[in-house]
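See below for the structure under consideration.
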Amino acid sequence: MTNSAVVQCVQGIFEEACTGLLESLSNLAVKLDSSRDDLIDVPIACIDAGSNDLELIICLQFPVSVLALTYPIQADITGVDEERLEDWISELSNQLVGRVKNKLLSHNCLVDLGLPTSYFGSDVSHLLSKNGEIFSIYFDVDGETCAFHISIEVFEESLVFELEEDDDSESLDDGELELF
């Protein structure tokens, strides 16, 4: 399989995972057709996943208002402190990479996950791999722009990656963990 076919498949998996994550959080999310420039100084969470053949870096950019809106405890969204929102954006990146990992498993591709890191006031382009193919998706959530970015770097031309999804009824559900 060519690197470009793997990259296209991973981009599709990533887009599906982003849409699924936002749908689970809010019924106010609408995918935007183009990039937006109003994501300056918003919190960013990054997490990586990889193997010997493939390296993914995933970054989320969510304005504080969207983090507060989607925060799981809805008692007083204006009273959620910044530390909890920082934890929340890191948790969202964990959930997103978990969705991507589960989909990759169904394509016979196993990746190990890293730990999320959050940033404030950073340029997301400096956090993604310069050697990878970068793909970005933008959503409007309650009038605010949110962004999802992924850099995909394929190291091995002979990567074993099934283009067709393996229909395994025993695969994990999104968010489910398997402990060994």
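All values derive from a computational prediction rather than experimental measurement. This chain uses plain numbering: 1 for the first residue, then up along the sequence.
Crowding of Asn52 atom CG: a count of heavy atoms from other residues, nucleotides or ligands under 6.0 Å not exceeding 12.
Residues Leu127 and His149 are not in side-chain contact: their nearest non-hydrogen atoms beyond the backbone lie 4.5 Å or more apart. Using a 4.5 Å heavy-atom threshold, the side chains of Asp33 and Tyr138 count as separate. Between Tyr71 and Arg84 there is a side-chain heavy-atom pair separated by less than 4.5 Å.
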Show, in sequence, the C-alpha distance, side-chain angles and deciding distance for Val154 and Asp53, and conclude whether the side-chain contact (heavy atoms from CB on, under 4.5 Å) test is met.
CA-CA 6 Å; Val154 180; Asp53 304 321; 5.9 Å; no

Passes side-chain contact (heavy atoms from CB on, under 4.5 Å), Phe139 versus Thr19? Steps please.
CA-CA 9 Å; Phe139 289 86; Thr19 302; 3.7 Å; yes

Please lay out, stage by stage, how Lys101 and Leu110 fare under the test side-chain contact (heavy atoms from CB on, under 4.5 Å).
CA-CA 7 Å; Lys101 179 181 179 174; Leu110 177 65; 4.2 Å; yes

Applying side-chain contact (heavy atoms from CB on, under 4.5 Å) to Leu69 and Leu28, what does each step give before you reach the verdict?
CA-CA 10 Å; Leu69 177 71; Leu28 303 173; 4.2 Å; yes

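Expressed to the nearest 0.5 Å, how far CZ of Phe155 lies from CG of Asn3 amounts to 10.5 Å. Atom-to-atom distance recorded for Ile150:CD1 and Glu133:CD is 11.5 Å, nearest 0.5 angstrom. Going from atom CD of Gln95 over to atom CD1 of Ile47 covers 11.0 Å, rounded to the nearest 0.5 Å. One distance of note links SG of Cys146 with CG of Leu25; it measures 9.5 Å at 0.5 Å rounding. With rounding to the nearest 0.5 angstrom, the NZ atom of Lys130 is 9.0 Å from the OG atom of Ser151. Of the inter-residue distances, the one linking Ser118 atom OG with Glu91 atom CD reads 13.0 Å to the nearest 0.5 angstrom.
Cluster annotation: Leu96 and Leu85 are assigned to the same hydrophobic cluster (Ile/Leu/Val/Met/Phe/Trp/Tyr, side-chain heavy-atom contacts under 4.5 Å, transitive). By the rule that hydrophobic residues join a cluster once side-chain heavy atoms approach within less than 4.5 Å of another member, Ile137 and Ile58 end up as members of one cluster. Hydrophobic cluster membership is shared by Ile152 and Leu60, with clusters built from Ile, Leu, Val, Met, Phe, Trp and Tyr side chains linked at under 4.5 angstrom. When the side chains of ILVMFWY residues are joined at heavy-atom separations under 4.5 Å, either directly or via intervening members, Leu54 and Val97 end up in a single hydrophobic cluster. Two different hydrophobic clusters hold Leu104 and Ile57 under the rule that ILVMFWY side chains link at heavy-atom gaps under 4.5 Å.
In this structure a side-chain-to-backbone donor-acceptor pair under 3.5 Å is missing from Ser122 to Val124. Side chain of Ser93 to backbone of Ser90: a donor-acceptor contact under 3.5 angstrom is found.
The two residues Ile13 and Lys103 have their closest heavy-atom pair at CG2-CB, 3.4 Å. The minimum heavy-atom distance linking Glu153 with Ser129 is given by the pair OE1-OG, 3.0 Å. Closest of all the heavy-atom pairs between Glu144 and Ser65 is CG-OG, 3.4 Å.
For Phe148 and Phe62, the ring centers are positioned less than 6.0 Å apart.
A side-chain donor from one of Asp123 and Ser125 sits under 3.5 Å from a side-chain acceptor of the other. Between the side chains of Glu15 and Gln11, not a single donor N or O lies within less than 3.5 Å of an accepting N or O.
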